[in-house]
Amino acid sequence: MKKDQQIKASTKQRRQIDVLFDEYAVSHQHPSNKLIHWVCVPLIIFSLIGLVWSIPFPHLEFLGRYNGFVNWASFLIAFSGYYYYRLSPVLSYMMILLIFILALGIVQLEKCEAAGGPAVWLVCAVVFVLSWAGQFIGHKIEGKKPSFLQDVKFLLIGPIWLLHFICKKTGLSY
């Protein structure tokens with residue numbers, strides 16, 4: 001009985017983010033699956049932001065010259081940033097930096113499109129499908145279903161799970 005109480009007490013003391021990372025890690029042990037995640041998760045974030053970015057957004061006069069900087073992706077970024085901040089301010093800042101870098105890539109795709117290249121949404125749709133295919137291949141190798149099939153919130157945990165390894169490697173407390 002005493003052992004049960006100790007386990008419950010230690011679980012209560014753990015931060016929610018650490019519990020989520022432990023749950024997520026259960027289906028991410030195989031080195032090949034981990035490597036695939038390091039490639040595919042950032043590509044999924046990039047393509048998802050690009051797809052949402054491509055949804056036409058109304059012109060808002062009060063934004064003036066900043067009109068192109070507010071779009072539907074802004075709301076997705078704000079929502080996820082808030083969720084990440086509640087879990088870990090440090091990881092939320094890292095995610096915002098990553099999203100900023102990915103957004104620069106999307107802006108470059110817009111410039112390519114304006115110069116006659118493929119549409120941003122089309123490039124992002126192809127990247128999205130191929131990246132998810134990679135994820136499922138990784139989980140086939142792992143022999144375990146993706147965590148988000150258990151709980152949708154794990155779609156948001158994957159990116160910061162990768163970032164927490166960077167924190168651990170550099171000694172940065174998250």
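Just so you know, these numbers use all the heavy atoms, side chains as well, and skip hydrogens, waters and symmetry mates.
A heavy-atom distance below 4.5 Å is found between the side chains of Leu51 and Phe128. For the pair Val120 and Val123, the minimum side-chain heavy-atom distance is 4.5 Å or more. When side chains are defined from C-beta on, Leu156 does not count as touching Trp161, because their heavy atoms never get closer than 4.5 Å. Side-chain atoms of Leu87 and Ser92, non-hydrogen and from C-beta on, never get closer than 4.5 Å to each other. When side chains are defined from C-beta on, Asn71 does not count as touching Val52, because their heavy atoms never get closer than 4.5 Å. Inter-residue side-chain proximity for Phe21 and Ile160 is flagged as met; some heavy-atom pair is nearer than 4.5 Å. You'll find the side chain of Leu76 reaches within 4.5 Å of the side chain of Leu48, heavy atoms only. Taking the side chain as every heavy atom from C-beta outward, Met95 and Ser80 never approach each other to under 4.5 Å.
Separation of atoms NE2 (His139) and CG (Leu149) is listed at 8.5 Å; rounding is to 0.5 Å. The CD1 atom of Ile106 lies 5.0 Å from the CZ atom of Phe46; values are rounded to the nearest 0.5 Å. Taken from CG in Leu162 to CD1 in Ile157, the straight-line distance is 11.5 Å, to the nearest 0.5 Å. The distance from atom CG of Leu102 to atom CD1 of Ile45, rounded to the nearest 0.5 Å, is 6.5 Å. In this structure, CG on Leu43 lies 9.5 Å from CG on Leu130, to the nearest 0.5 angstrom. How far CD1 of Ile36 is from NE2 of His28: 10.5 Å, rounded to the nearest 0.5 Å.
When every heavy atom of Ser32 is checked against every heavy atom of Ile141, the shortest pair comes out as CB-CG2, 4.1 Å. Considering every non-hydrogen atom in both Val107 and Trp53, the closest pair reads CG2-CZ2, 3.9 Å. Pairing each heavy atom of His30 with each of Glu142, the nearest pair is N-OE1, 2.9 Å. Considering every non-hydrogen atom in both Ser47 and Val127, the closest pair reads CB-CG1, 3.9 Å. Here the shortest heavy-atom pairing between Ser131 and Ile44 reads CB-CG1, 3.4 Å. The minimum heavy-atom distance linking Asn67 with His59 is given by the pair ND2-CE1, 3.0 Å.
Of the residues Pro118, Ser54, Cys124, the one that meets the side chain to side chain contact (heavy atoms under 4.5 Å, CB included) test with Leu109 is Cys124.
Taking the side chain to side chain donor-acceptor pair (under 3.5 Å) definition, one finds that Ser147 meets it with Ser27, sequence neighbours left out. The ring-ring contact (aromatic ring centres under 6.0 Å, His included) search around Phe75 returns Trp72, not counting sequence neighbours.
Sorted by first and then second residue, the salt bridge (Lys or Arg N to Asp or Glu O under 4.0 Å) pairs with a member in residues 98-113 form an empty list; sequence neighbours excluded. The list of salt bridge (Lys or Arg N to Asp or Glu O under 4.0 Å) pairs with a residue in residues 143-167, not counting sequence neighbours, reads Asp151-Lys153. Sorted by first then second residue, the salt bridge (Lys or Arg N to Asp or Glu O under 4.0 Å) pairs that include residues 59-68, not counting sequence neighbours, number zero. Within the structure, ring pair (Phe, Tyr, Trp, His ring centres under 6.0 Å) contacts touching residues 81-126 (residues at least two apart or in different chains) do not occur.
Other residues, nucleotides and ligands contribute over 12 non-hydrogen atoms within 6.0 Å of the CZ atom of Phe136.
Using bins of under 30°, 30° to 60° and over 60° for the plane-to-plane angle, the ring pair His37/Tyr24 lands in the perpendicular bin.
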Could you check Met94 against Cys167 for side chain to side chain contact (heavy atoms under 4.5 Å, CB included), going step by step and ending with a plain yes or no?
-> CA-CA 10 Å; Met94 291 175 74; Cys167 288; 3.4 Å; yes
